[in-house]
Amino acid sequence: LEEARDKVLWGRERKSSNLTDKARETTAWHEAGHALLQLLLPNADPLHKVTIIPRGRALGATMALPEKDILNRTKGYFVDEMCICCGGRIAEKIKTGDISTGAAQDIKQATAIARDMICTYGMSESYGFPAFVEPSHFTTEPIPPPFSQKTAEGIDAEVKKLVDEAYARAERLINENREKLETLATALLEKESMDGRDIEELLGLEKKQ
């Protein structure tokens with residue numbers, strides 16, 4: 001069942017992919033960065049699995065699953081999710097001293113979370129309860145903007161502030177747990193795919209309540 005799900009979501013495994021050792025190592029550190037934060041942050045869903053086996057266009061993946069149905073999400077959850085998005089880029093930079101395009105989807109996701117928090121969920125201290133919804137892209141009719149240019153610029157600034165804060169928090173946590181990051185990256189290079197429970201045991205972390 002898990003293989004079927006992963007194949008539908010990300011594509012067929014490409015075990016024979018001609019990845020260089022450097023690409024495998026970079027991917028291992030990238031996914032280790034995500035996984036470490038998934039385990040450390042209190043509001044994040046439990047870590048399910050981490051893999052550096054390429055699927056589709058992805059070189060690796062960090063998967064989290066809630067233990068029961070979730071119908072309502074909190075601000076704390078979204079703040080932690082943005083932080084997790086930043087972990088791959090930070091870990092990758094620690095290892096290689098450089099950055100790559102591998103964080104493109106992470107950047108997109110973190111930015112979308114921040115914008116939804118402000119515009120849809122009323123979770124911004126600066127903008128409060130009102131909704132700021134963009135015009136629909138499914139119509140060719142000219143639609144006046146739902147809010148002023150000044151408000152739009154303010155929302156952009158608030159999005160950047162939230163993402164920057166998440167990045168700084170992720171960087172601090174990863175630097176404080178550098179040994180755990182290296183231990184996990186090394187294990188991923190050897191095993192390629194690891195269960196979340198095995199990673200908790202490897203890093204000596206208690207299961208989240």
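Just so you know, residue 1 is the first one in the sequence shown, and it goes up from there.
The shortest distance between side-chain heavy atoms of Glu125 and Glu158 does not fall below 4.5 Å. His34 has its side chain out of reach of Val50: every pair of non-hydrogen atoms, C-beta onward, lies at least 4.5 Å apart.
Between Met194 atom CE and Glu201 atom CD the span is 9.5 Å, to the nearest 0.5 Å. Between Phe78 atom CZ and Asp116 atom CG the span is 7.5 Å, to the nearest 0.5 Å. Between atom OH of residue Tyr121 and atom CD1 of residue Ile113 there is a gap of 9.0 Å, rounded to the nearest 0.5 Å. Rounded to the nearest 0.5 Å, atoms OG1 (Thr186) and NZ (Lys191) are 11.5 Å apart. To the nearest 0.5 Å, atom CD of residue Gln109 and atom CD1 of residue Ile84 are 9.0 Å apart. Between Ile94 atom CD1 and Trp29 atom CH2 the span is 7.0 Å, to the nearest 0.5 Å.
Applying the salt bridge (Lys or Arg N to Asp or Glu O under 4.0 Å) definition to pairs two or more places apart or across chains, those involving residues 24-41 are Arg24-Glu192, Glu25-Lys95. Evaluation of the salt bridge (Lys or Arg N to Asp or Glu O under 4.0 Å) test over residues 162-174, restricted to residues two or more places apart or in two chains, returns Asp80-Arg169, Lys160-Asp164, Arg172-Glu176.
Residues passing the side chain to side chain contact (heavy atoms under 4.5 Å, CB included) test with Leu65, sequence neighbours excluded: Arg5, His48. In this view, Tyr127 and Phe132 satisfy the ring pair (Phe, Tyr, Trp, His ring centres under 6.0 Å) rule, not counting sequence neighbours. Partners of Glu179 under the side chain to side chain donor-acceptor pair (under 3.5 Å) rule, at least two apart in sequence or in another chain, do not exist in this structure. With sequence neighbours excluded, the residues that form a side chain to side chain contact (heavy atoms under 4.5 Å, CB included) with Lys22 are Thr20, Thr26. With sequence neighbours excluded, no residue forms a side chain to side chain contact (heavy atoms under 4.5 Å, CB included) with Leu1. By the side chain to side chain donor-acceptor pair (under 3.5 Å) test, Ser193 pairs with Thr51, sequence neighbours left out. Applying the side chain to side chain contact (heavy atoms under 4.5 Å, CB included) test to Thr111 and every residue at least two apart in sequence or in another chain returns Ile107, Val159. In terms of the side chain to side chain donor-acceptor pair (under 3.5 Å) criterion, residue partners of Asp195 (sequence neighbours excluded) are, by chain and number, Arg197. The side chain to side chain donor-acceptor pair (under 3.5 Å) check on Asp156 picks up Arg115, with sequence neighbours excluded.
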Less than 3.5 Å apart, which donor and acceptor atoms pair up between the side chains of residues 85-92 and the rest of the protein, not counting sequence neighbours?
from: Arg89; atom 1: NH2; to: Ser100; atom 2: O; distance (Å): 3.1
from: Glu92; atom 1: OE1; to: His30; atom 2: ND1; distance (Å): 2.8
from: Glu92; atom 1: OE2; to: Ser100; atom 2: N; distance (Å): 3.1
from: Glu92; atom 1: OE2; to: Ser100; atom 2: OG; distance (Å): 2.4

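Taking both residues in full, the closest heavy atoms of Ile52 and Ala28 are given as CG2-CA, 3.7 Å, listed atom of the first, atom of the second, then distance. Across all their heavy atoms, Leu47 and Ala35 have their closest contact at CD2-CB, 4.0 Å. Leu41 and Cys83 get closest at one heavy-atom pair: CD1-CB, 3.8 Å. Nearest approach of Ser124 to Ile118, heavy atoms of both residues: CB-CG1, 3.8 Å. Considering every non-hydrogen atom in both Ala64 and Gln38, the closest pair reads CB-NE2, 3.3 Å.
Of the possible donor and acceptor atoms, one in the side chain of Asn177 sits under 3.5 Å from a partner among the backbone N and O of Leu173. A donor-acceptor contact shorter than 3.5 Å links the side chain of Thr27 to the backbone of Ala23.
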What's the verdict on side chain to side chain contact (heavy atoms under 4.5 Å, CB included) for Asp198 and Leu202, showing C-alpha distance, side-chain angles and the deciding distance?
CA-CA 6 Å; Asp198 294 334; Leu202 173 70; over 6 Å; no

Please determine whether side chain to side chain contact (heavy atoms under 4.5 Å, CB included) holds for the pair Met123 and Val79, giving the CA-CA distance in whole Å, both sets of side-chain angles, and the decisive distance to 0.1 Å.
CA-CA 10 Å; Met123 292 178 176; Val79 169; over 6 Å; no

What do the steps show when you test Leu203 against Leu39 for side chain to side chain contact (heavy atoms under 4.5 Å, CB included), and what is the final call?
CA-CA 10 Å; Leu203 301 182; Leu39 290 171; 4.1 Å; yes

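Val163 and Ile99 fall into different hydrophobic clusters, defined by Ile, Leu, Val, Met, Phe, Trp and Tyr side-chain heavy atoms under 4.5 Å apart, directly or through other members.
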